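Everything numeric in this text was worked out from a predicted model, so none of it was measured. Remember, it's 1-based here, ligands and their atoms both numbered in the order they're listed.
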Amino acid sequence: MSLILIIDDDPMIRKMLMTAFRKKNYDVMDASNGKTGLSIFRSEDVDVVITDIIMPDMEGIETIRELRKIKPDAKIIAFSGGGSLSPDGYLKIASSMGAQYTFQKPISIKELSKAVEDLLDS
Ligand SMILES: [Mg+2]
């Protein structure tokens, strides 16, 4: 079974995504910030990371950079509702840091699942 790691500071979004992906028979772990997410990534055999961008403690751009250092071919999806930059601005940076897929909030589970499937197939 593939393991998905969800990193988001919003507990509602984590809960929604965990429920949706568990229904699709994925193993799912979650973290409320990049720091915790990275420690899970180091200790577990994570197949796909889905990360928010704006978070306290360690935000998503730095998280993506660290994930790439740990595992250069990590499969990463980033999403954002935006902060001081438009969501599009953050997602462009996320993409340049190596996120293979980026999405704006609100999240479409359908699109997100498709991206996870594509990454797992690649
Ligand atoms: Mg956030």
Side-chain angles (χ1 to χ4, degrees):
M1 215 187 297
S2 300
L3 174 61
I4 300 175
L5 172 61
I6 294 161
I7 310 173
D8 195 312
D9 59 316
D10 184 337
M12 297 290 286
I13 291 187
R14 292 204 308 275
K15 199 175 170 206
M16 176 188 78
L17 294 181
M18 282 198 288
T19 306
F21 282 107
R22 281 186 180 140
K23 258 189 210 153
K24 290 175 183 288
N25 285 320
Y26 290 103
D27 278 332
V28 189
M29 294 185 77
D30 71 316
S32 60
N33 62 65
K35 238 181 224 171
T36 312
L38 284 172
S39 77
I40 293 173
F41 189 79
R42 283 192 189 94
S43 60
E44 306 289 331
D45 193 11
V46 174
D47 294 291
V48 179
V49 179
I50 302 175
T51 184
D52 185 26
I53 300 292
I54 314 292
M55 295 178 286
D57 290 337
M58 189 189 273
E59 44 76 32
I61 301 293
E62 194 186 345
T63 305
I64 293 169
R65 191 184 304 133
E66 291 299 316
L67 288 168
R68 280 265 163 273
K69 272 193 215 160
I70 299 166
K71 190 178 176 191
D73 63 344
K75 295 175 175 178
I76 303 168
I77 298 169
F79 57 69
S80 181
S84 55
L85 279 175
S86 71
D88 197 40
Y90 285 108
L91 292 173
K92 276 195 184 121
I93 301 169
S95 164
S96 73
M97 286 295 154
Q100 288 98 334
Y101 288 87
T102 59
F103 295 100
Q104 286 189 23
K105 288 180 180 176
I107 314 250
S108 150
I109 296 283
K110 205 175 164 188
E111 283 178 34
L112 201 54
S113 312
K114 175 84 173 63
V116 168
E117 282 166 29
D118 286 353
L119 283 174
L120 288 172
D121 285 345
S122 68

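- Side-chain N or O atoms of S113 include one that pairs as donor or acceptor with a backbone N or O of I109 at under 3.5 Å.
- Put simply, the side chain of L119 reaches to within 4.5 Å of the side chain of I77, judged on heavy atoms.
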Practice prompt. For side-chain contact (heavy atoms from CB on, under 4.5 Å), just list the numbers for R42 and I70, CA-CA rounded to whole Å, side-chain angles, deciding distance to a tenth of an Å, and then say yes or no.
Written response: CA-CA 8 Å; R42 283 192 189 94; I70 299 166; 3.7 Å; yes

Worksheet entry | Step-by-step side-chain contact (heavy atoms from CB on, under 4.5 Å) determination, I7 to R14 | CA-CA 7 Å; I7 310 173; R14 292 204 308 275; over 6 Å; no

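- Counting only protein atoms, the N, O or S atoms lying less than 2.8 Å from the Mg ion (ligand 1) are D9 OD1, D52 OD2, I54 O, ordered by chain and residue number.
- Residue pairs meeting the salt bridge (charged side-chain N to carboxylate O under 4.0 Å, His left out) criterion with at least one member in residues 97-122, sequence neighbours excluded, are D8-K105, D52-K105, K114-D118.
- Two different hydrophobic clusters hold M16 and L5 under the rule that ILVMFWY side chains link at heavy-atom gaps under 4.5 Å.
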